[in-house]
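Because the structure is a prediction, the values reported are computed rather than measured. Worth knowing before you read on, the calculation uses all heavy atoms, side chains too, and leaves out hydrogens, waters and symmetry mates.
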Amino acid sequence: MAILPITVLGEPVLHTVADQVTEFDADLEKFVADMVETMDAAHGVGLAAPQVGVGKQVFVWRYEGVADYDEEFFPDLELPEDAEKRVGVIINPRLVLSDLRQGELDEDLDAEGCLSIPGIYYPVRRYNDVVLEGQDVTGAPVRLDARGWLARIWQHEFDHLQGVLFTERLEEPYLSQAKAEIEEAGYGRPGLVWDPSTLTEDDFEDD
């Protein structure tokens, strides 16, 4: 396995609809394994293929059980037994969305970040319930459902496969604030990448 460089906002592959996967082979299995290793090295909860420079309909995720978001907004959420520390992958995904988050957004609990926009976090309005359909690495059909934080992860990663980053879904005043931060950071131009293998635990001491 290998840790892959992560592309940054402005790289064309991040702003283009990804292609369908048609070959389910050993190369795909290795690529998915590399994506999981890269996600974990970056301390991410999800990673889409365009984020490592590959315009294919693939994303992976890691879900470690009930998040603070779930405890606040879905206190009665029941998780399947295999939900704890679950790593998942979906190929050629489709989403069915329902129950859009209503009311004022919480600046902490509704906040999202993105490995392709390092250091920028803002609240995003998402749907509470998701049905995720697609294929696994062998090409077999997959159908999963989620509520709460895991549903948000899937929506965020699915957006990447449509060429959409979370900052494009921001409401005001967060949209204007994010644009200013992005400009200040120097993002938004082709050729920017970063290497998760260079990170140390000290980089995450405030997690």
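- Checking side-chain atoms of Asp99 against main-chain N and O of Asp129 turns up no donor-acceptor pair under 3.5 Å.
- Scanning both residues, Leu105 and Glu171, for their nearest heavy atoms gives CD1-OE1, 4.1 Å.
- Side chain of His156 to backbone of Glu112: no donor-acceptor contact under 3.5 angstrom is found.
- Side-chain atoms of Ser116 come within 3.5 Å of backbone N or O of Thr7 as a donor-acceptor pair.
- Looking only at side-chain heavy atoms (C-beta outward), Asp136 and Phe24 stay at 4.5 Å or farther from each other.
- Using a 4.5 Å cut-off between side-chain heavy atoms of Ile, Leu, Val, Met, Phe, Trp and Tyr, with links allowed through other members, Val164 and Leu100 fall into different hydrophobic clusters.
- Within the cation-pi definition used here (under 6.0 Å to the ring centroid, within 45° of the axis), Arg147 does not qualify as a partner of Phe74.
- Under a 3.5 Å cut-off, the side chain of Glu133 and the backbone N or O of Arg143 do not form any donor-acceptor pair.
- For the residue pair Leu170 and Ala178, the shortest heavy atom distance occurs at CD1-CB, 3.5 Å.
- Summarising the geometry of Arg169 relative to Val124, their closest heavy-atom pair is CB-CG1, 4.0 Å, with the distance given to 0.1 Å.
- Atom OH of residue Tyr174 and atom CZ of residue Phe166 lie 12.5 Å apart, to the nearest 0.5 angstrom.
- From Ile182, atom CD1 reaches atom CD of Gln177 across 12.0 Å, with rounding to the nearest 0.5 Å.
- Side chains of Val58 and Val89 form a contact here, defined as non-hydrogen atoms less than 4.5 Å apart.
- In the hydrophobic clustering of ILVMFWY residues, with side-chain heavy atoms under 4.5 Å counting as a link, Met35 and Val21 come out together.
- There is a path of hydrophobic side-chain contacts, each under 4.5 Å, that joins Leu165 to Trp194.
- Closest non-hydrogen pair, Ile6 versus Pro196, comes out as CD1-CG, 3.6 Å.
- With a 6.0 Å radius and a threshold of 12 heavy atoms from other residues, nucleotides or ligands, Glu172 has its CD atom above the threshold.
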| request: Please lay out, stage by stage, how Tyr63 and Val87 fare under the test side-chain contact (heavy atoms from CB on, under 4.5 Å). | output: CA-CA 6 Å; Tyr63 179 63; Val87 177; over 6 Å; no

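- Two residues are said to be in side-chain contact when any heavy atoms from C-beta on lie closer than 4.5 Å; Trp61 and Val36 fail this criterion.
- Rounded to the nearest 0.5 angstrom, Thr167 OG1 and Tyr187 OH are separated by 11.5 Å.
- Atom CG of residue Asn128 and atom CZ of residue Arg101 lie 7.0 Å apart, to the nearest 0.5 angstrom.
- Under a hydrophobic-cluster definition in which Ile, Leu, Val, Met, Phe, Trp and Tyr are linked whenever side-chain heavy atoms come within less than 4.5 Å, directly or via other members, Leu97 and Ile90 are assigned to the same cluster.
- When each of Thr38, Asp40, Thr198 is tested with Ile3 by the rule side chain to side chain contact (heavy atoms under 4.5 Å, CB included), just one qualifies, namely Thr38.
- By the 4.5 Å heavy-atom criterion applied to side chains, Val96 and Val130 are not counted as neighbours.
- The two atoms that bring Phe73 and Pro75 nearest to each other are C-CD, 3.4 Å, heavy atoms only.
- A donor and an acceptor atom, one from each side chain of Tyr122 and Glu107, are nowhere located under 3.5 Å apart.
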| query | Can you list the steps and then say if Leu144 with Val131 is a side-chain contact (heavy atoms from CB on, under 4.5 Å)? | reply | CA-CA 6 Å; Leu144 303 167; Val131 175; over 6 Å; no

| task | Verify side-chain contact (heavy atoms from CB on, under 4.5 Å) between Lys30 and Asp34, making sure each step is shown before the conclusion. | result | CA-CA 6 Å; Lys30 181 183 183 303; Asp34 289 345; 2.8 Å; yes

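- Scanning all heavy atoms of the two residues, the minimum distance from Trp149 to Ala111 falls at CH2-O, 3.9 Å.
- Listed for the Gln162 side chain is a donor-acceptor partner under 3.5 Å among the backbone atoms of Phe158.
- The closest side-chain heavy-atom distance from Pro93 to Leu161 is below 4.5 Å.
- With a 4.5 Å cut-off on side-chain heavy atoms, Val13 and Val54 do not count as touching.
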| request: Could you walk me through whether Asn92 and Gln57 pass the side chain to side chain donor-acceptor pair (under 3.5 Å) test, one step at a time? | output: CA-CA 5 Å; Asn92 301 328; Gln57 292 272 332; over 6 Å; no

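- With contacts defined as side-chain heavy-atom distances shorter than 4.5 Å, the pair Arg126/Gln155 qualifies.
- For the atom pair NZ (Lys56) and CD1 (Ile91), the distance works out to 11.0 Å, reported to the nearest 0.5 Å.
- Checked for salt-bridge contact, Asp110 and Arg125 miss the test: no charged N lies under 4.0 Å from a carboxylate O.
- Leu9 and Val17 are members of different hydrophobic clusters when ILVMFWY side chains are connected at heavy-atom separations under 4.5 Å.
- In this structure, Arg152 and Tyr69 have side chains that are in contact, with non-hydrogen atoms separated by less than 4.5 Å.
- Distance check: Cys114 SG to Leu14 CG gives 7.5 Å after rounding to the nearest 0.5 Å.
- With respect to the salt-bridge test (charged N to carboxylate O, under 4.0 angstrom), the residues Arg189 and Glu11 do not qualify.
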| request: Go through Val8 and Val193 one step at a time and tell me if the side-chain contact (heavy atoms from CB on, under 4.5 Å) criterion holds. | output: CA-CA 5 Å; Val8 175; Val193 298; 5.5 Å; no

